[in-house]
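Since we're looking at a predicted model, the values are computed, not measured.
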Amino acid sequence: MGGRRSNKNRITVATALVRAAKANGAKRLFGLPGGGSSLDLIEAARREGLDFVLTRHECAAVFMAAATSQLDGALGVALTTKGPGLANAANGAAQAALDRCSVAIVSDGFSPKQRKYATHQWFDQRALLAPLVKGHSLLADSRAAAEIDRLVAAALTPRRGPVHIELTGPAARESVYAAKPRAGAPRLATAPRSAIERARALIARAKRPVVVAGLEAREPAAALAVRKLVAALGCPALVTYQAKGVFADAAPHTVGIFTGGLAEQATVKQADLIVLAGLDPVELILQPWPYAIPVLDLGYTKHPVHYVKPRLGVYGDLARSLAAVRPATSRNTWTGAEIRRLREDLRASLAYRGKGGGLTPQQVVEEAAQAARKLMLWPRATVDAGAHMFSATAFWPCTRPHDLLISNGLATMGYALPAAIASALHEPMRTAVAFTGDGGLMMCLGELATAAQERARVVVIVFNDGALSLIDIKQQSRKLPVSGVRWRRPDFAAAMRGMGGRGFRVRTLAQYRRALVKAFSGLGPALIDVVVDPSGYQAQLAAMRG
């Protein structure tokens, strides 16, 4: 009797893993399964009420899981087969690592018997992902449930990142006690009182502070706290790409984007204190820190490599730190007119000044935003790496954190479409707009079929300029002959129609406006293939980065 009763309290390792993911916010699994443990996980997910989304490439599956984890702090889950499947997912693991996304990458594994013949498809899977993940396990013994809790906690603890589970079919079907899974990351310690007091003193002495919010400030409590800090200081506020929306673009203190480049220097060089609020150095471009101004660094953790040595670092629960250093009064000498002028000047410096005919990237972005507003839509934008991202990040309006998703730490191409699909599945009533270059879309073209299969509310807008434009710019800047970075412009609208969605190809502003109305008004995914003028990219890049 006792044995039978205890057996009722046992579940498979696959079920334990799925329940842990569900307890930590997962609503679906993404992947391209093999014939091993992934089949057990898909079945366990079905029984636990989680969907499985079949992707066309393993890297896209990890991108989708990573985007999901960013949107609400949940654990994203991606499944791959062993060997080539995990190798395909490696770039996704790098993106999750450098963009600080909590993802469990679960690959099929090799059984001890198979390892005796470890040639076909075999390589050291743990070693492949070891530089990128925060933990690894085979879940192959009686400690599997504890191992799952350990890995989930590691993924969710700042700096967030991916973990790797290498799971064989037999191990997935082993039974463990059905303990309640741990939910959420361990609570972060409050920053030391002495550091808080020193930070308050720094802020109290500042007459011209500037606040720069980074990706850690996207958490709801931290975003609210940093907005209150800026309001109390009455100072200019800047955001990294990933922190777009932490300060609404139209808010009176918002100036614009901070990358570590040239565009923001007119604002920052007037400061006597730079307050970094959750800024991760992975977000900055590879250029030396240009300021000799004192820096107050507030974040969850101290980063081992940084562009600047702060005057003071305050590390712990970020929302609490931001609230604790907020002054009751400020000595600030900034005026509203100054901040407004800085915002206008920054936007003007990033304006696209093309020399050719046709639509400009800035028009593409601003017209999409206007069309959405007219239809009372408030889409989320996802942005791919490439020259078009300068217009997309500068001119897409954001009011809340995560109104724009971008791979900033890794800056990988092929991200925008998978991230848009994940966004549309996460919030089915909110359209996602994927701004992608032609090069980036060609890297993940098969995911158009995934969007059609899922009937996702995705509008893909392709900046079709017939080149790897960002690399083309660099080739031109070195006075090298054009070689290897341009191609004949594909017809992506036809590809979208072939995948089961709606496709439009446009060359003029009038055509684009009509296509936007149709794309936003219809059901399921749509793609607008926009032939754009690339002649202004070089000047825009110079204005942004110097």
Over 12 non-hydrogen atoms of neighbours within 6.0 angstrom of CZ in Arg56: yes

Minimum side-chain heavy-atom gap Val383-His388 below 4.5 Å: yes

Side-chain heavy-atom pair Val230, Pro236 within 4.5 angstrom cut-off: no

Distance-only side-chain donor-acceptor flag, Asn408 / Thr240, under 3.5 Å: no

Gap separating the CG atom of Leu262 from the OG atom of Ser349, nearest 0.5 angstrom: 7.5 Å

Counterpart residues, ring pair (Phe, Tyr, Trp, His ring centres under 6.0 Å), relative to His136 (two or more places apart): His164

Ser102 side chain to Ala155 backbone, donor-acceptor under 3.5 Å: yes

Side-chain heavy atoms of Val133 within contact of Pro162, under 4.5 Å: yes

side-chain contact (heavy atoms from CB on, under 4.5 Å) between Leu202 and Arg205, worked out: CA-CA 5 Å; Leu202 267 180; Arg205 289 195 297 270; 3.4 Å; yes

Qualifying salt bridge (charged side-chain N to carboxylate O under 4.0 Å, His left out) pairs, either residue in residues 300-318, two or more places apart: none

Listed partners of Tyr352 passing ring pair (Phe, Tyr, Trp, His ring centres under 6.0 Å), at least two apart: Tyr537

4.5 Å side-chain heavy-atom contact, Asp272 and Pro209: yes

Trp396 versus Ala381, closest heavy-atom pair with distance: NE1-CB, 3.5 Å

Residue pairs involving residues 372-400 (criterion salt bridge (charged side-chain N to carboxylate O under 4.0 Å, His left out); sequence neighbours excluded): Arg380-Glu427, Arg400-Asp403

Residue of the set Val462, Leu527, Asn464 for which side chain to side chain contact (heavy atoms under 4.5 Å, CB included) holds with Thr436: Val462

Trp378 (side chain) donor-acceptor with Arg430 (main chain) under 3.5 angstrom: no

Inter-residue atom distance Arg457.CZ - Leu377.CG, 0.5 Å rounding: 7.0 Å

Distance-minimising heavy-atom pair for Ala61 and Phe30: O-CB, 3.7 Å

Sub-4.5 Å side-chain heavy-atom contact between Pro158 and Leu188: yes

Interatomic spacing from CZ in Phe390 to CD1 in Ile257 - rounded to 0.5 Å: 11.5 Å

Donor-acceptor pair, side chain of Asp529 and main chain of Phe492, under 3.5 angstrom: yes

side-chain contact (heavy atoms from CB on, under 4.5 Å) between Val268 and Leu238, worked out: CA-CA 9 Å; Val268 181; Leu238 295 133; 3.8 Å; yes

Any side-chain heavy-atom pair of Pro252 and Ile339 under 4.5 Å: no

Main-chain N/O of Thr393 paired to Tyr241 side chain as donor or acceptor, under 3.5 Å: no

Between CD1 on residue Ile196 and CZ on residue Arg193, distance to nearest 0.5 Å: 9.0 Å

Inter-residue atom distance Lys134.NZ - Leu129.CG, 0.5 Å rounding: 15.5 Å

Minimal non-hydrogen separation, Val314 against Ser321, with atom names: CG1-OG, 3.8 Å

Polar side-chain atom of Gln95 near backbone of Thr412 as donor-acceptor pair, under 3.5 Å: no

Step-by-step salt bridge (Lys or Arg N to Asp or Glu O under 4.0 Å) determination, Asp249 to Lys244: CA-CA 8 Å; Asp249 286 333; Lys244 277 274 289 186; 2.9 Å; yes

Student check: side-chain heavy atoms of Leu417 and Phe63 closer than 4.5 Å: no

Whether Thr68 side chain and Met64 backbone form a donor-acceptor pair below 3.5 Å: yes

What pairs of donor and acceptor atoms, side-chain ones from residues 273-280 against any protein atom, are under 3.5 angstrom apart with sequence neighbours left out?
unit_1 : atom_1 : unit_2 : atom_2 : d
Asp280 : OD1    : Arg100 : NH2    : 3.1
Asp280 : OD1    : Val282 : N      : 2.9
Asp280 : OD2    : Arg100 : NE     : 2.7
Asp280 : OD2    : Arg100 : NH2    : 3.3

Verdict with supporting geometry, Phe247 and Val255, side-chain contact (heavy atoms from CB on, under 4.5 Å): CA-CA 9 Å; Phe247 309 116; Val255 174; over 6 Å; no

Asp533 side chain to Ser535 backbone, donor-acceptor under 3.5 Å: yes

Main-chain N/O of Val532 paired with Asp465 side-chain donor or acceptor, under 3.5 Å: no

His303 side chain reached by Arg159 side chain, heavy atoms, under 4.5 Å: yes

Any pair counted as salt bridge (charged side-chain N to carboxylate O under 4.0 Å, His left out), so long as it reaches residues 206-225, sequence neighbours left out: Arg160-Glu219, Arg208-Glu338

Under 3.5 Å side-chain donor-acceptor pair for Glu264 and Thr267: no

Heavy-atom closest contact (Leu318 atom, Ala222 atom, distance): CD2-CB, 4.0 Å

Euclidean distance, Phe463 CZ relative to Ile528 CD1, rounded to 0.5 Å: 10.5 Å

Backbone of Ala185 reached by a side-chain donor or acceptor of Thr157 within 3.5 Å: no

Gln70 versus Gln242, side-chain donor and acceptor atoms under 3.5 Å: yes

Backbone N/O of Thr55 and side chain of Glu447: donor-acceptor pair under 3.5 Å: no

Worked check of side-chain contact (heavy atoms from CB on, under 4.5 Å) between Leu224 and Lys228: CA-CA 6 Å; Leu224 178 61; Lys228 289 182 176 180; 4.0 Å; yes

Nearest atoms (heavy-atom pairs only) where Ala243 meets Ala213: CB-O, 3.4 Å

Where Ala96 and Ala66 come nearest, the two heavy atoms and their spacing: CB-CB, 4.5 Å

